[in-house]
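Below, each value reflects all heavy atoms present in this structure, side chains not excepted, and no hydrogens, waters or symmetry copies. Naming convention: chains lettered A, B, ... in sequence-line order (proteins, then strands); numbering from 1 in each chain.
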Amino acid sequence: MKIALSTSNPFNLDFTLCCGQAFRWEKRGEWWYGVVSDKVLKIQQKGRGLEFENASADFIKNYFGLNEDLTKILSQIGKDEIIRKAVKEFKGLRILRQDPWECLISYICATYKNIKAVKQMLTALCRKFGDKLELDSYSFYTFPSPEKLAKATIVELASCGLGYRAEYISKTAKEICKTGFDFKCLRKLSCKEARNKLLTFPGVGLKVADCVLLFSLGKLEAFPVDVWIKRVILKYYATHFPQDFVNKVSNKKGLTKSEYEKINSFGRNYFGEYAGYAQEYLYHYERTHSLD
DNA sequence: CAAGTGCCTTTATC
DNA sequence: AGATAAAGGCACT
């Protein structure tokens with residue numbers, strides 16, 4: 001199936017899938033392969049054309065956020081030279097609408113881990129607990145259900161390289177099964193209410209909750225603050241904070257809750273209702289440019 | 001090559 | 001409130 005993208009609404013599939021918001025997409029040759037719900041999706045972009053298999057056009061539009069007016073969003077967040085530079089370089093990067101359950105577990109895994117390691121953990125987790133699928137002679141695995149992970153032992157989970165996160169994932173999965181929690185209800189809530197609900201799950205702090213809000217629930221004002229965003233903000237936006245705050249936070253590893261909330265609320269207030277987009281462009285910009 | 005550092009942090013404890 | 005430590009293991013230097 002095919003979709004023709006309009007010139008006024010930019011999209012770049014590679015940026016969108018490479019930027020680190022999703023962990024389970026792989027490029028093989030010309031095509032990107034990813035498992036979404038119970039199917040292997042296959043998609044490629046050629047200029048303004050998107051070609052894909054195993055999904056409806058509506059699904060693709062929703063999953064890749066193609067219904068959003070990205071031109072408008074990018075112009076709204078373009079408050080200064082720094083963010084405009086990031087936007088210019090990665091124009092077309094879009095925030096996905098991932099499955100919230102998969103997103104939640106993925107970001108619990110992502111605490112204190114780099115992206116490469118997160119991918120390894122999730123690959124192992126899906127291989128052990130997911131269902132095998134095949135396409136084009138490649139093997140893929142579905143993301144295991146809450147029930148499946150709730151039944152797994154800590155030892156089994158830990159064998160996927162999850163370390164101390166195994167405990168959090170087990171507890172969160174059990175909690176979701178026990179209460180019959182439905183992630184769909186979070187979409188109807190305000191960003192703040194949904195965040196508070198997410199914070200009740202074990203292993204979910206401010207950063208993980210903000211990632212789930214942004215990358216799966218379409219709460220585009222969410223502004224996750226990780227080490228990279230902390231660095232970007234303190235480097236380029238230091239004048240927006242008291243000098244002693246900048247000194248203090250620069251010279252240590254983690255963030256206290258109140259320090260997190262200060263950077264988070266700066267992001268939301270400064271960049272506005274699409275702050276999450278600013279976050280992802282800055283994140284990707286800083287990561288690509290600090291590697292040289 | 002060994003040892004140290006860092007990783008899209010959270011939680012428990014003081 | 002805020003500081004501190006602990007919690008896999010792996011990639012990178």
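- dG6(B) has its base anti relative to the sugar, with a glycosidic angle deviating from 0 by more than 90°.
- Note on Lys207(A): a base of the nucleic acid sits closer than 4.0 angstrom, heavy atoms only.
- Nearest-nucleotide positions on DNA chain C place Tyr112(A) closer to the 5' end than the other of Gln120(A) and Tyr112(A).
- Side-chain contact annotation: Trp32(A) with Asp14(A), donor-acceptor N/O pair under 3.5 Å present.
- Checking dT11(B), dT9(B), dC8(B) against every side-chain atom of Ala110(A), the shortest atom distance belongs to dC8(B).
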Carefully, step by step, assess Tyr107(A) and Glu102(A) under the rule side chain to side chain donor-acceptor pair (under 3.5 Å).
-> CA-CA 9 Å; Tyr107(A) 279 94; Glu102(A) 175 169 347; over 6 Å; no
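- Checking Tyr33(A) against Asn54(A) by side-chain atom types alone, no donor-acceptor pair falls below 3.5 Å.
- Between Arg165(A) and the phosphate of dG8(C), there is no side-chain N or O to OP1/OP2 separation shorter than 4.0 Å.
- For DNA chain C, no neighbouring residue in residues 230-243 of chain A is found when judged by any heavy atom under 4.0 Å.
- In this structure, Cys109(A) reaches neither bases nor backbone, as no heavy-atom distance under 4.0 Å exists between it and the strands shown.
- In this model, no side-chain donor or acceptor of Lys257(A) finds a partner on the base of dG2(C) within 3.5 Å.
- dG8(C) is unpaired under the Watson-Crick or G-U wobble criterion, no partner having all donor-acceptor distances under 3.5 Å.
- Taking 3.5 Å as the limit, the base of dG8(C) and the side chain of Lys113(A) contain a donor-acceptor pair of atoms between them.
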